Amino acid sequence: MNRPPDPATRVWHRERLVLLGLVFVGGVCGTWVRAELSNHFPVAADAWPWTTFWINVSGALVLGVLLGLLARLGDDSGWRRRVRLGLGTGMIGGYTTYSTFAVEVIERQRDSLLLLSTGYALASLVCGVLAAAIGLRVTSR
């Protein structure tokens, strides 16, 4: 015998669909912005990938600000969770790109540009972490 789900289960499922939709829409928007920037600012295979570098560093900064603000405003529930998932996971997650970063590092290694490849990898990681920390710090004041 199949019983209909209780109202609390239906609300929980509906909320999950809303959150998934927010991540999807945010991801589409962030990915579109990144693709447009990459198309407008192409990088030569033997050069520093400035476009991806600045996309990832700026995304880390914005994510730090967003998460810092949301944490100051309360627990991760209700509208704060929706904003975090839609803007943070979705939009900023789609905007930033670890996969392109990894491909750019490997391509430069393959082309024997080891110093460039290593410098890019280290600078991206260090600057990304610093940018996120700065974003969190700015919001803690």
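Here the structure is a predicted model, which means the values were calculated and not measured.
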Looking at SG of C127 and CD1 of I134, how far apart are the two atoms once the value is rounded to the nearest 0.5 Å?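 So the SG of C127 and the CD1 of I134 are separated by 9.0 Å.
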Spatial distance of atom CG (L17) from atom CZ (R14) [nearest 0.5 Å]: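 Rounded to the nearest 0.5 Å, the CG-CZ separation comes to 9.5 Å.
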Which pair of heavy atoms, one from [X] and one from [Y], lies closest together, and at what distance?
X	Y	answer
A47	R108	O-NE, 2.8 Å
W48	V43	O-CG1, 3.5 Å
T139	L69	CG2-CG, 3.6 Å

Could you walk me through whether F41 and W50 pass ring pair (Phe, Tyr, Trp, His ring centres under 6.0 Å), step by step? CA-CA 9 Å; F41 302 102; W50 286 111; over 10 Å; no
Are the side chain of [X] and the backbone N or O of [Y] linked by a donor-acceptor pair below 3.5 Å?
X	Y	value
R34	G94	yes
R72	S140	yes
R81	D76	yes

Tell me, do [X] and [Y] make a side-chain contact under 4.5 Å, heavy atoms counted?
X	Y	answer
V83	L66	yes
L37	Y95	yes
V105	Q109	yes
R84	L67	yes
D111	D46	no
S124	N56	no

Same cluster or not: are [X] and [Y] linked, directly or through other Ile, Leu, Val, Met, Phe, Trp or Tyr residues, by side-chain heavy atoms under 4.5 angstrom apart?
X	Y	value
M91	V23	no
L61	Y98	no
L87	L73	yes
I55	W32	yes
V138	L63	no

Could you please spell out the steps behind the ring pair (Phe, Tyr, Trp, His ring centres under 6.0 Å) verdict for F53 and F101? CA-CA 8 Å; F53 178 82; F101 159 71; 9.3 Å; no
L115 atom CG: more than 12 heavy-atom contacts under 6.0 Å: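 Open: at most 12 neighbouring heavy atoms sit under 6.0 Å from CG of L115.
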Carboxylate-amine/guanidinium contact E15 R82, below 4.0 Å: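 Judged by the 4.0 Å cut-off on N to carboxylate O distance, E15 and R82 do form a salt bridge.
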